[in-house]
Amino acid sequence: QVDRYLYHMRLSDDVLLDVMARFQAEMVKGLGRDTNPTATVKMLPSFVRSLPDGSEKGDFLAVDLGGSQFRAHRVKVFDDGKQNSQLESKFYPTPKEVIQGNGAELFDYIADCLLDFMETKNLKHKKLPLGFTFSFPCKQTKLEEGVLLGWTKHFKVRGVQDTDVVNSLRKALQKHKASFDIDVDVLALVNDTVGTMMTCGYDDQRCEVGLIIGTGTNACYMEEMRHIDLVEGDEGRMCINTEWGAFGDDGALDDLRTEFDRELDLGSLNPGKQLFEKMISSLYLGELVRLILLKMTKEGLLFNGKVSTALLTKGKIEMKHVFAMEKYKEGLSNTKEILTELNLFPSEEDCIAVQHVCTIVSFRSANLCAAALAAILTRLRENKKLLRMRTTVGIDGGLYKTHPQYAKRLHKVVRRLVPNCDVRFLLSVSGSGKGAAMVTAVAYRLAAQRKQIDAALAPFLLSLETLREVKSKMRTELEYGLKRETQASATVKMLPTYVCGTPDGTEKGKFLALDLGGTNFRVLLVKIRSGRRRSVQMYNKIFAIPLEIMQGTGEELFDHIVQCIADFLDYMGIKGARLPLGFTFSFPCRQASIDKGTLVGWTKGFKATDCEGEDVVDMLREAIRRRNEFDLDIVAVVNDTVGTMMTCGYEDPNCEIGLIAGTGSNVCYMEDMKNIEILEGNEGKMCINTEWGGFGDNGCIDNIRTKYDKEVDEGSLNPGKQRYEKMTSGMYLGEIVRQILIDLTKQGLLFRGQISESLRKRGIFETKFLSQIESDRLALLQVRRILQQLGLDSTCEDSIIVKEVCGAVSKRAAQLCGAGLAAIVEKKRENRGVERLQITVGVDGTLYKLHPHFSRVLRETVKELAPQCDVTFMLSEDGSGKGAALITAVAKRLHNVGQK
Ligand code: ADP
Ligand code: MG
């Protein structure tokens with residue numbers, strides 16, 4: 001009779017396989033970016049990426065809210081290789097006014113209990129990391145942050161939904177900190193399913209599923225990152241808290257729900273919600289039994305049709321009653337006793353029937369649970385592309401643990417539904433508390449590492465104040481370089497270029513240009529037209545300069561250059577033409593005229609002997625003479641910054657500054673003659689090549705130089721020189737990154753503490769890799785691939801750290817460069833004596849052009865530090881070539897005018 005009556009609650013394997021398929025579809029829906037918002041099974045990322053590996057250690061606190069009881073724990077974890085841990089716990093009541101009151105009271109209460117616990121365990125004055133087991137659906141964005149999506153089970157606290165529960169707990173603890181001396185750091189928010197998986201995972205490395213069947217029901221499992229749309233990154237796995245209790249909230253299980261399920265739902269705290277949970281968890285089973293018995297009695301099927309007040313009362317039949325009644329071994333005595341207590345007068349037949357009702361209800365619970373678990377296991381197996389899989393499921397929860405037959409039934413059904421999975425069910429001992437400690441232990445290790453990384457990178461974070469200081473120091477050095485008494489010893493040399501005006505558009509003719517001083521050596525032919533057909537045409541050829549020549553003798557270097565020119569002239573068929581030539585020579589030169597330049601000192605990668613102190617134009621002329629094959633009219637020696645300014649000035653007359661952010665870093669600008677003390681004359685302007693790369697060589701910015709900068713400097717060709725350039729330019733940024741990576745690896749924070757052969761190689765980390773790694777669109781997987789190309793075998797975590805290091809180094813570079821530029825534009829503004837300055841800066845250099853953030857940060861910094869200047873940045877198209885030709889053209893014109 002009962003069987004017929006409860007026909008709907010008996011689920012065949014076919015139905016269960018169908019439920020399993022439905023749940024599989026729900027999981028996919030929850031994981032998808034587009035489908036997640038409407039999914040009922042939320043599949044929440046837990047930010048737990050790995051199981052304990054046994055190297056965890058320390059003393060941890062945990063509080064556990066959301067199970068049948070509220071508890072505080074202390075867990076000691078030992079990394080003695082024996083998977084050893086010690087657990088001490090204390091239970092606290094959860095009064096109804098707390099779990100159905102308001103948020104502030106709830107968190108105060110938790111803090112009170114924790115304080116009490118710490119007092120009893122003598123833990124005050126200790127700084128302990130805390131894991132917070134909070135077994136309600138939370139949307140996490142990191143391990144220590146979680147916004148409550150909605151209460152479940154018997155909780156309904158006001159003002160907590162949609163807020164970060166970790167923050168609330170922290171605040172409550174903070175309040176206590178004022179009056180008591182406790183210091184607790186909430187490091188992880190953990191769902192009880194995750195805690196259970198972690199606890200079992202500590203003992204059994206195969207454990208990758210956590211299951212709770214108690215007051216509530218829920219499951220978590222390790223999902224592949226590439227399937228989790230809501231979290232960036234494709235590498236490795238992350239534990240997903242399925243929140244499967246909400247399965248069916250969209251009606252997906254309506255065909256299986258009975259009138260009793262509906263009635264129970266309507267009388268619950270959260271009608272329409274957690275429908276799957278309401279068919280499974282211990283919080284509802286007793287009530288389901290009561291509703292069934294009530295109906296059966298009303299229909300005269302039980303107790304002679306006599307309904308007692310107790311049977312009419314919600315919550316009168318509890319889980320423990322169901323448990324007791326299902327103890328078949330004890331016959332009917334339990335059942336009889338319980339029913340009698342409810343003022344029902346059961347016959348033996350009644351007792352048998354009621355016992356049967358209990359069994360059907362709890363069996364259905366196990367069946368449904370098994371079907372959903374089977375779906376998870378199948379997904380895991382498919383993720384691993386295995387035909388057969390061995391795995392372990394960690395389980396906790398009162399229903400599973402104390403019900404006399406539940407576990408056995410569940411195991412049996414699961415094995416029937418997924419015959420190709422060998423499942424071990426591992427009972428967790430106090431899973432949620434210890435598990436929170438495990439998660440915390442891992443988090444603690446990560447947090448300690450984080451602190452070390454932050455400490456390493458902290459010197460790269462420059463405050464606005466520091467940047468202002470840099471700007472004003474730069475200003476001081478600029479003045480030093482211009483003043484007669486100080487210029488000889490100035491580090492920012494402020495070299496006059498004898499370029500006195502920007503092009504006016506009347507320039508024309510054919511010119512040769514040389515570009516020496518960057519990555520490539522080039523020879524160019526530039527044709528300039530004026531008037532209505534104004535245009536610039538260029539032909540160029542790139543030549544390599546072998547390292548042995550860059551760092552050989554001066555004669556060899558210039559012979560090589562002339563050899564390249566000869567090749568180019570042959571190639572273009574213009575050997576006999578004796579064209580005017582502009583020589584872009586991007587090193588500091590002291591000039592006495594436009595075509596005389598004495599090399600002050602090599603920078604960047606050059607170090608040829610017998611050149612410093614010599615006139616580079618003479619050296620070039622001599623080399624041409626030595627070759628005795630063609631002749632050239634060397635008209636101008638040009639710095640690349642000046643070439644850049646001139647190129648942009650050709651388009652925009654307001655361009656009076658040239659900036660290079662490439663291999664090196666340098667700036668030129670138009671200065672008023674009256675400010676250039678070392679030159680005669682007070683009329684007009686002249687372009688000054690600042691050579692600001694030498695800024696700081698007197699130690700004036702040593703306060704912001706890090707040990708990594710010093711190492712890069714010491715390993716360079718010109719130790720102690722070009723300190724500012726070494727913090728800001730392409731030749732060095734990668735090398736700074738490499739130094740940091742070595743240091744972090746030594747501290748065991750990267751690459752498993754192993755410094756690979758390739759990481760030891762100077763120059764291996766090129767600045768172009770910073771650009772690639774910092775590109776926003778790049779997934780971590782790609783970062784990893786780049787690192788792999790460099791011979792750096794990195795994990796997902798390593799890649800994140802490397803990206804961070806690159807970001808810190810390039811940001812500082814851009815900010816420092818911006819601070820320097822702010823000093824220049826401010827000076828220009830004062831020179832002109834205007835309230836607001838409109839000015840254009842011509843820029844060249846691959847770092848500026850190709851790095852994903854450098855130019856933006858540079859511009860922002862200038863804006864911040866020179867708010868009275870409206871600075872337009874104009875990219876120069878091949879400044880070194882075109883600019884040199886333009887300068888040559890101007891110089892030629894002036895020269896001709898002079899001769900006439
Ligand atoms: P120059 O040597 O004349 O300054 P560039 O302006 O082309 O020539 O700068 C070349 C330098 O730019 C290289 O030495 C390197 O440090 C850097 N660099 C090269 N590629 C990139 C990139 N993709 N992102 C940032 N910097 C780069
Ligand atoms: Mg260049």
Side-chain angles (χ1 to χ4, degrees), residues 513-524 538 540 542-545 547 550 582-588 602-606 638-645 647-648 658-668 689 691-693 712 716-717 722 724-738 762-778 782-783 786 789-790 803 805-814 817 841-858 873-884:
L514 303 181
D515 177 11
L516 180 78
T519 333
N520 299 308
F521 169 58
R522 295 182 310 156
V523 186
L524 305 96
M538 297 200 287
N540 78 75
I542 293 175
F543 298 90
I545 298 193
L547 195 73
M550 275 209 272
F583 182 13
T584 297
F585 183 77
S586 308
F587 301 95
W602 289 115
T603 59
K604 299 176 274 192
F606 281 74
V638 179
N639 188 269
D640 54 351
T641 53
V642 186
T644 298
M645 182 188 78
T647 308
C648 294
L659 169 69
I660 297 284
T663 306
S665 174
N666 194 14
V667 153
C668 72
N689 165 17
E691 284 298 334
W692 78 4
V712 169
S716 70
L717 285 174
Q722 301 290 99
Y724 182 65
E725 176 165 82
K726 284 172 186 164
M727 298 165 90
T728 50
S729 81
M731 182 154 176
Y732 306 99
L733 298 191
E735 193 53 17
I736 301 174
V737 168
R738 190 181 71 92
R762 180 169 303 151
I764 178 93
F765 211 103
E766 292 174 43
T767 299
K768 70 169 186 222
F769 296 124
L770 269 77
S771 290
Q772 291 175 12
I773 288 170
E774 287 183 67
S775 160
D776 288 331
R777 267 167 300 165
L778 207 65
Q782 289 163 286
V783 174
I786 294 168
Q789 280 169 19
L790 293 175
K803 189 169 179 172
V805 170
C806 291
V809 170
S810 65
K811 183 170 184 190
R812 183 190 67 160
C817 193
V841 178
V843 198
D844 203 350
T846 305
L847 178 60
Y848 185 92
K849 285 180 174 170
L850 292 190
H851 189 278
H853 310 300
F854 185 91
S855 60
R856 177 181 43 82
V857 176
L858 168 69
F873 290 81
M874 183 170 178
L875 276 186
S876 131
E877 298 273 350
D878 200 349
S880 327
K882 193 164 155 182

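All ligand and atom numbering here is 1-based and tracks the order in the structure.
Judged purely by atom type and a 3.5 angstrom limit, K811 has no side-chain atom pairing as donor or acceptor with the backbone of V857. Between the T584 side chain and the S880 main chain, a donor and an acceptor come within less than 3.5 Å of each other.
Each of T603, N666, N639 was compared with F587 under the side-chain contact (heavy atoms from CB on, under 4.5 Å) criterion, and only T603 meets it.
Residue-level proximity to ligand 1 for Q772 is absent, since no heavy atom of it falls below 4.0 angstrom.
In this structure, E877 and T647 approach most closely via the heavy-atom pair O-CG2, 3.7 Å. Taking every heavy atom of both residues into account, W692 and S665 meet most closely at NE1-OG, 3.0 Å.
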Open item on the list: Would M731 and E725 count as a side-chain contact (heavy atoms from CB on, under 4.5 Å) here? Give the steps.
Closed with: CA-CA 9 Å; M731 182 154 176; E725 176 165 82; over 6 Å; no

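Checking only distances, K768 never comes within under 3.5 Å of ligand 1, N or O to N or O. In terms of polar-atom proximity, defined here as any N/O pair under 3.5 Å, D844 makes no such contact with ligand 1. For ligand 1, the polar-atom distance check finds no N/O of D640 at less than 3.5 Å from any of the ligand's N/O atoms.
Residue R856 qualifies as enclosed at atom CZ: its count of foreign heavy atoms under 6.0 Å is above 12.
Annotation for ligand 1: atoms under 4.0 Å from non-hydrogen atoms of G662 are 4 (O), 6 (O), 9 (O), 11 (C). Ligand-side atoms of ligand 1 in range of G730: 16 (O), range being under 4.0 angstrom from any heavy atom. Near M731, meaning under 4.0 Å from one of its heavy atoms, ligand 1 places the atoms 16 (O). Every atom of ligand 1 is numbered from 1 in the order shown, and the set under 4.0 Å from a heavy atom of G845 is 6 (O). Each of the following atoms of ligand 1 lies closer than 4.0 Å to a heavy atom of L850: 22 (C), 23 (N), 24 (N).
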